[in-house]
Every structure is written in C-alpha cells, then in structure tokens.
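Since the structure comes first, as structure tokens, the remarks are kept for the end.
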Amino acid sequence: MSAKVEAPKGTRDVLPDEGALRARIVGAASSLFDAYGYGRIATPTFEQTELFVRGVGQSTDIVRKEMYTFDDLGGRSMTLRPEGTAPVVRAFVEHGMHKLPLPVKLWYTAPMFRYEAPQAGRLREHTQIGAEALGADDPLLDAELIALLGAIYDALGIPGVRLRIGSLGDGPSRAAYRAELVAYLNSRAADLPADARERAGENPMRLFDSRDPAVAAVMEGAPRILDRLGDDAAAHHRAVLGALDAVGIAYDEDATLVRGLDYYTKTVFEFTCDRLGAQSGIGGGGRYDGLVEELGGPPTPGVGFGTGIERIVLALTADGAPGPAPTARVYFAGIGPEARAELFPVMTRLRAAGVAATADTLGRSMKGMMKQAAASGAAACVILGERELAEGIATLRDMSTGEQRPVPLSELESVLAKEHV
RNA sequence: GUGAACGUAGCUCAGUCGGUAGAGCUCCUGGUUGUGGUCCAGGCGGUCGUGGGUUCGAGUCCCAUCGUUCACCCCA
C-alpha cells in the first residue's frame with residue numbers, strides 16, 4: 001500500500017448514514033420553500049474576489065483573513081464562495097431580476113469555504129441552506145423569513161432552539177449611534193484590553209459579543225442601538241416583533257446582537273441551539289437594504305437568512321447517531337450463478353418500477369445471504385435455488401415474520417410490484 | 001493566528017517499571033449438506049498519526065510536524 005492521502009484540514013466526508021439525514025434536511029427545507037413561494041437558485045462555487053470584498057465588507061473577518069483566494073491561469077483573482085448572499089445579489093443584478101414581479105424570493109443550498117481554525121461545528125467547508133427576498137422593505141417579509149427558518153427547525157424536530165432578534169438601525173441614526181458608541185469606548189479605553197481597543201476601531205458593536213469580563217463590564221454601560229433607532233427603523237422593528245407575536249413565535253429581543261457581515265441594516269436575527277458544543281448559532285440573517293446598490297444594481301431592499309447543515313446534523317445527532325437508512329425493500333438471494341442470472345432481469349425491471357431492490361453478488365452462503373437481507377432492511381427476500389428452478393417458482397420470504405410461500409416465476413414481478421412499491 | 005489536551009485494528013478502547021501489541025463491536029467462514037436478527041468456535045484486520053532522537057531495546061521517554069478536540073477569536 002502507498003502512503004495515505006487524507007481529507008484536507010477542516011473538511012470531512014459525508015458517509016451514507018449521514019447522507020440520508022442530510023437529504024431529509026434539504027427535503028424538509030425544500031417543501032417549506034415551495035409553501036412560502038421561494039424559487040431555487042444556484043450560483044458558481046467561485047466568484048471574482050471583488051464581489052466579496054465589496055459585498056461582504058473590508059472590515060469583516062471573512063474578507064480580512066478567511067477567504068480561499070487564488071489567481072486562475074488567466075491571472076484573474078478568484079475566491080471560493082465564503083457566504084451565500086453576495087453571489088445571489090450579484091445574480092439578481094446580472095439578470096435584471098429587479099424587473100421581475102417583486103419581491104423576488106430565492107433559496108439555495110451550497111458549500112461555503114472559509115479558512116478557519118476548525119473545531120466541532122466549525123469547518124473550512126460547510127454547507128448552508130439560505131434564502132433571500134429582494135425588492136420589498138415590508139417588515140412582514142422579515143417576519144416571513146424568520147417564520148420560514150423556524151418552520152424548518154420545527155419540521156426537523158431540532159430540540160433546544162431559541163431566537164434572538166435585534167436591529168442595527170439605518171441611515172443617519174445608525175451613523176450617529178456608531179459615533180456615540182465609539183466616543184463612549186474612547187472614554188473607557190483605559191479599562192479595555194489592547195485587542196478590544198483595536199476591534200473597537202473596526203467594528204465597535206462586535207465588543208458586545210465579547211466573553212472577556214473586562215470588556216463585558218465596559219459594555220454594560222454602553223449606549224444601546226435599540227434606544228437610538230430612527231423613527232423608520234424603530235417602526236420597522238416594532239412591526240417585525242408584532243408580526244412574530246401574531247403567529248406565536250417566541251423570541252428574545254437583544255440589543256447587543258451583532259452579525260459578522262457589514263451589509264446588514266435594521267433587522268438582524270439569530271437562532272441558537274444548546275447542543276452544538278462550542279458553537280451556539282445554528283442559523284441567522286437579517287435585512288440588507290444597501291447591498292444591491294453596492295453591487296451595481298438599482299436601490300433595492302433585501303432580507304435573508306443562512307443556516308448550516310452540519311450544525312443541524314450536530315443538533316439532531318447529539319443524542320446518538322441517526323439510524324442507518326434501509327437500502328432495499330426486496331433482497332434477491334440466488335443460489336449459484338444460474339439462479340443469480342435468472343433473477344437479474346426481474347430485479348432490473350422491478351427497480352425500474354420503483355421498488356428498491358438489491359442482491360447478493362458475492363456468491364455467499366444461504367446463511368450469509370439471510371444476514372445480508374436482514375442488514376439491508378429488506379421487507380422481503382426472494383430465494384431462488386436448484387429446487388425452485390426445477391419447478392419454475394421462487395420462494396418469497398417475509399423478513400419480519402419468516403413466513404415463506406412459493407410464487408411462480410412468471411408472476412414474481414407483478415406480485416413484488418404489488419406488495420412493495 | 002495564539003494557548004492547552006489528545007492521536008493504538010473499520011469503530012469504541014486497554015496496554016503496568018521501556019522488553020518485540022490486546023479486548024469488545026463490525027465483517028467473513030463453520031457448527032446448521034439451502035434460511036437472518038440468539039449462541040459457540042475460528043478467521044480477516046496494525047508502518048501504535050508521521051519524521052527524527054535517547055537506548056542493547058520505544059506504543060511507552062525527548063524534539064519536531066500533521067490531525068482532532070477545547071479555549072481565545074469568529075461564525076453556519
């Protein structure tokens with residue numbers, strides 16, 4: 001054997017048991033997106049680097065130190081998609097979708113790439129399910145996206161989920177608040193550690209998220225954005241909360257909620273789950289009313305969310321691994337090459353008719369084939385050996401009861417199709 | 001990027017004072033001349049993460065490196 005090559009740091013293989021669970025997650029999301037009127041979109045895995053620099057923001061950790069950026073053979077700077085909103089907005093602008101009936105509502109599931117220090121629930125490649133609604137600033141649309149994401153978690157039965165919601169304001173009131181916060185932080189600079197002072201210059205609101213007791217003590221007395229919202233943003237915020245109340249969605253209003261992307265305005269929200277190890281966020285999003293214009297489109301409001309499939313899997317499997325998915329309804333046990341050859345066309349036609357079927361292909365012993373049949377989760381087993389071949393029949397075994405009955409070979413297909421579709 | 005703990009069979013782990021690597025589970029075969037989920041017996045499976053060093057001798061001690069996990073940071 002040659003030296004082993006392993007998956008790159010921070011990446012992982014999804015094996016079939018988890019694959020079945022992930023298919024269920026995407027399936028649940030997909031049918032809810034249908035119900036809410038969201039159409040599916042797919043964008044390239046890599047984009048021109050400039051898209052993320054302009055869209056996500058220079059001051060974000062993503063752009064400053066987490067992007068997989070490379071020059072292609074033509075000397076163009078490309079970046080593996082680190083987040084989903086900027087590419088969707090780029091496609092919206094590129095295809096003139098602002099001329100479609102608004103709002104344009106889109107969803108996607110796609111891998112994201114960030115150069116991070118991996119740990120449980122944090123990888124260098126992860127998969128998000130996301131949605132964006134573009135072209136309306138109605139607070140009901142914010143509430144709709146929150147309800148939609150909550151419905152996905154409910155449909156999957158994820159335990160321990162909570163919703164935090166806040167607002168970042170917009171326009172002059174947001175700038176005024178930022179100036180006030182910076183002034184406050186400067187007045188308390190002596191009480192802040194050096195790295196916190198540095199971060200204060202880039203994105204002062206981030207300090208609300210710090211777990212450092214010294215920082216937390218300073219932030220305790222800091223002005224809160226929710227007390228400084230302009231009239232428009234304040235009304236918007238109240239309307240979103242009212243809509244959530246009206247549909248019975250519980251939330252914690254949180255003036256310190258910060259998200260890591262520069263484009264958010266007004267509503268920001270985050271769903272947390274208590275079973276994610278060191279991480280707590282399972283999904284989040286918010287409104288981004290300036291992003292479309294920033295990326296060269298007409299002024300267009302937008303709101304969206306992203307949620308991590310790997311974190312959903314973590315939350316769902318915290319109490320134990322998901323059971324393996326059944327791999328077949330019918331198992332074909334042919335004794336000897338002739339019998340296996342006889343069964344092959346029957347099995348092929350049955351599969352075409354939609355019956356999941358599998359067969360021994362290793363020439364196992366009868367005992368071995370029965371074990372395989374049980375392990376495959378098959379409900380029935382077709383046994384064909386010399387005795388059956390001589391009589392033109394097959395033995396049909398019910399795997400749960402162990403009962404067996406003869407079925408003429410000519411009727412095998414129709415009997416199986418009737419009982420096992 | 002910084003700090004810490006941990007890397008032994010496909011999986012979960014044991015391995016004493018440094019003395020030439022083990023268990024359970026899984027898988028395969030047999031007990032049962034053609035019948036599964038129990039039982040019994042046997043078998044397959046290991047460059048002890050990797051590379052150096054110390055030593056007569058290293059899974060065990062030392063150094064480096066890679067990976068995982070945890071904390072910081074940040075996020076899905």
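Residue numbering restarts at 1 for every chain, and letters A, B, ... go by the order of the sequence lines.
As judged by a 4.0 angstrom heavy-atom cut-off over every strand, A:Gly84 is placed among residues making no nucleic acid contact. At a threshold of 4.0 angstrom between heavy atoms, the contacts of A:Ser210 are confined to the sugar-phosphate backbone, with no base atom among them. Within 4.0 Å of A:Glu386, counting heavy atoms only, lies at least one base atom of the nucleic acid. At the heavy-atom level, A:Ala375 lies nowhere under 4.0 Å from the strands shown. Nucleic acid contact class of A:Ala120 (heavy atoms, under 4.0 Å, all strands): sugar-phosphate only. Residue contacts shown for A:Gly121 include a base, since a base heavy atom lies under 4.0 Å away. Here A:Ile282 lies in heavy-atom contact (under 4.0 Å) with sugar-phosphate atoms only. Using a 4.0 Å heavy-atom criterion, one finds that A:Ile129 contacts no nucleic acid atom at all. At a threshold of 4.0 angstrom between heavy atoms, the contacts of A:Lys371 are confined to the sugar-phosphate backbone, with no base atom among them. If you check every strand for non-hydrogen atoms under 4.0 Å, A:Met399 touches a base. Within 4.0 Å (heavy atoms only), A:Glu388 reaches at least one base atom of the nucleic acid. Residue A:Arg387 is in base contact, counting any heavy-atom pair closer than 4.0 Å across all strands shown. A:Arg364 comes within 4.0 angstrom of sugar-phosphate atoms only, judged by non-hydrogen atoms across all strands, and of no base. Nucleic acid contact for A:Arg259: sugar-phosphate only, since backbone atoms but no base atoms lie under 4.0 Å from a heavy atom of the residue.
Rounded to the nearest Å, the gap between the P atom of B:C70 and that of B:U12 is 15 Å. B:U65 and B:G57 are spaced 25 Å apart, taking the C1' atom of each and rounding to whole Å. Atom C1' of B:G1 sits at a distance of 12 Å from the matching atom of B:C74, rounded to the whole Å. Nucleotides B:C11 and B:C27, compared at atom P, are 15 Å apart to the nearest Å. Using P as the reference atom, B:C48 and B:G59 are 7 Å apart when rounded to the nearest Å. Here the separation of B:A9 from B:G45, taken at their C1' atoms, is 6 Å to the nearest Å. For the C1' atom pair drawn from B:A21 and B:U29, the interatomic distance equals 25 Å after rounding to whole Å. Distance check on atom C1': B:U69 versus B:G31 gives 46 Å, rounded to whole Å.
Distance CD (A:Glu270) to C1' (B:C74): 11 Å, rounded to an integer number of Å. Rounded to whole angstrom, the span from the CZ atom of A:Arg275 across to the C1' atom of B:A76 amounts to 19 Å. In this structure, CZ of A:Arg12 is placed 9 Å from P of B:U69, rounded to the nearest angstrom. In this structure, CD of A:Gln119 is placed 17 Å from P of B:A5, rounded to the nearest angstrom. When the P atom of B:U26 is taken as reference, atom CG of A:Asp17 falls 15 Å away, rounded to whole Å. Going from atom CD of A:Glu403 over to atom P of B:U35 covers 19 Å, rounded to whole Å. Spacing between atom NZ of A:Lys367 and atom P of B:C39 amounts to 12 Å, rounded to whole angstrom units. Atom CG in A:Leu314 sits about 13 Å away from atom C1' in B:U69, given to the nearest Å.
B:A14 is unpaired under the Watson-Crick or G-U wobble criterion, no partner having all donor-acceptor distances under 3.5 Å. Figure legend. B:U50 is base-paired to B:A64; pairs are counted as Watson-Crick or G-U wobble with both atom distances under 3.5 Å. When both pairing distances are held under 3.5 Å, B:U38 makes no Watson-Crick or G-U pair with any nucleotide shown. Shown here, B:U20 forms no base pair; nothing in the strands shown gives a Watson-Crick or G-U wobble contact with both key distances under 3.5 Å. Nucleotide B:C70: paired with B:G3 (Watson-Crick or G-U wobble, both distances less than 3.5 Å).
Between the side chain of A:Arg124 and the backbone N or O of A:Arg114 there is no donor-acceptor pair closer than 3.5 Å. In this structure, the side chain of A:Thr265 engages the main chain of A:Asp289 through a donor-acceptor pair within 3.5 Å. With A:Glu18 contributing its side chain and A:Leu15 its backbone, the two residues share no donor-acceptor pair below 3.5 Å. Of the possible donor and acceptor atoms, none in the side chain of A:Arg188 sits under 3.5 Å from a partner among the backbone N and O of A:Gly221. Side chain of A:Arg54 to main chain of A:Glu294: a donor-acceptor pair is present (N/O by atom type, distance under 3.5 Å, no hydrogens or angles).
Residues that satisfy the side-chain hydrogen bond (donor to acceptor under 3.5 Å, both in side chains) test with A:Ser77, not counting sequence neighbours, are A:Thr49.
Distances shorter than 4.0 Å separate none of the side-chain N or O atoms of A:Gln372 from OP1 or OP2 on B:C27. Here A:Ser365 reaches the OP1 or OP2 of B:G30: one of its side-chain N or O atoms lies under 4.0 Å away. Taking 4.0 angstrom as the limit, A:Arg114 places none of its side-chain polar atoms (N or O) nearer than this to OP1 or OP2 of B:C74.
Comparing A:Leu207 and A:Lys9 along RNA chain B, the residue whose closest nucleotide (by nearest heavy atom) sits nearer the 5' end is A:Lys9. Nearest-nucleotide positions on RNA chain B place A:Met370 closer to the 5' end than the other of A:Glu83 and A:Met370.
Classified by interplanar angle (parallel below 30°, tilted 30° to 60°, perpendicular above 60°), the ring pair A:Phe33/A:Phe305 is parallel.
We find the CG-NE2 distance between A:Asp142 and A:His237 to be 11.0 Å, quoted to the nearest 0.5 Å.
Residue A:Arg397 places its side chain closer to B:U35 than to any other of B:C73, B:U35, B:A76.
Applying the side-chain hydrogen bond (donor to acceptor under 3.5 Å, both in side chains) test to every pair with at least one member in residues 331-356 of chain A, sequence neighbours left out, gives these pairs: A:Arg349-A:Glu413.
Looking at A:Arg122, its side chain has no donor and acceptor atom pair within 3.5 Å of the base of B:C70.
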